[in-house]
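Note sheet for the following structure.
Throughout, residue positions are numbered sequentially from 1 according to the sequence presented. Just the heavy atoms: all of them, side chains too, but no hydrogens, waters or symmetry mates, feed the values below. Bear in mind the structure is a predicted one, so any value in this text is a computation, not a measurement.
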Amino acid sequence: MEELLYGEDPEPSDRFPAGPLYVPVRPGPSGCAARLFRTPLGDRTAVGFTSERRLVVTLGAGQAWIRLAEPALRALTAPLGVTSVTIDPLFTAPAPAPAPAPAQVGPAGLEAALAAPAQRIG
């Protein structure tokens, strides 16, 4: 197969650094840690934004961040097995809400549930 020149290749295989990024972080016991996200297919990815405004629009004003160059972000996440970096994602799902506490059923409620006829499913 013939090797394409960069001028002809629509997607060169070389990665070009995106420059300094605004990287979302979370507090940890030893300082800040880069937040990792999931792609729509479930793979882990590091995320960086090209402007503070894009970070705030996507993740909210309360999101802490640090400035890192793309190669530094890749080097930081590579030992964790994260090899992809997503630049300026347009959508993130909201954080999951905590599950409600299960309702407490007293002895009378348990007896009533056991005495009720079983429901047929299907």
Side-chain angles (χ1 to χ4, degrees):
M1 183 169 171
E2 184 179 330
E3 185 78 24
L4 295 174
L5 298 175
Y6 285 115
E8 300 172 21
D9 190 0
E11 295 180 18
S13 58
D14 290 343
R15 293 183 268 195
F16 293 99
L21 297 171
Y22 294 83
V23 177
V25 295
R26 59 179 172 72
S30 299
C32 292
R35 283 186 61 191
L36 298 177
F37 294 81
R38 297 235 178 233
T39 66
L41 297 177
D43 297 327
R44 292 185 340 166
T45 184
V47 171
F49 294 87
T50 55
S51 71
E52 183 180 1
R53 185 180 79 60
R54 288 181 184 221
L55 180 138
V56 168
V57 165
T58 305
L59 299 176
Q63 176 61 58
W65 54 267
I66 60 171
R67 294 280 294 204
L68 284 177
E70 181 185 359
L73 180 57
R74 287 185 186 279
L76 181 70
T77 58
L80 303 172
V82 178
T83 58
S84 68
V85 174
T86 303
I87 307 294
D88 290 329
L90 299 177
F91 172 75
T92 59
Q104 296 295 330
V105 178
L110 183 57
E111 288 177 16
L114 292 174
Q119 293 181 350
R120 182 174 181 190
I121 299 175

* Shortest non-hydrogen contact from T58 toward P89 -> OG1-O, 3.4 Å

* To do: Please report the shortest heavy-atom distance between A34 and V23, naming the atom on each side.
  => CB-CG1, 4.2 Å

* Asked: Linking I/L/V/M/F/W/Y whenever their side-chain heavy atoms sit closer than 4.5 Å, directly or via other members, would I66 and V85 fall into one cluster?
  -> yes

Would you please name every residue forming a side-chain hydrogen bond (donor to acceptor under 3.5 Å, both in side chains) with [X], sequence neighbours left out?
X	answer
T45	S84, T86
R35	Q63
E52	none
D88	T50, R54

* Asked: Do the side chains of F37 and L59 get nearer than 4.5 Å, heavy atoms only?
  -> yes

* **Student check: side-chain heavy atoms of P20 and L68 closer than 4.5 Å** => no

* Nearest 0.5 Å, what's the CZ-CD1 distance between F49 and I87? -> 9.5 Å

* Asked: Which residue pairs satisfy the salt bridge (Lys or Arg N to Asp or Glu O under 4.0 Å) criterion with at least one member in residues 58-68, sequence neighbours excluded?
  -> none

* **Results of side-chain contact (heavy atoms from CB on, under 4.5 Å) for L36 - residues two or more places apart only** => R44, A46, T77, L80, V82

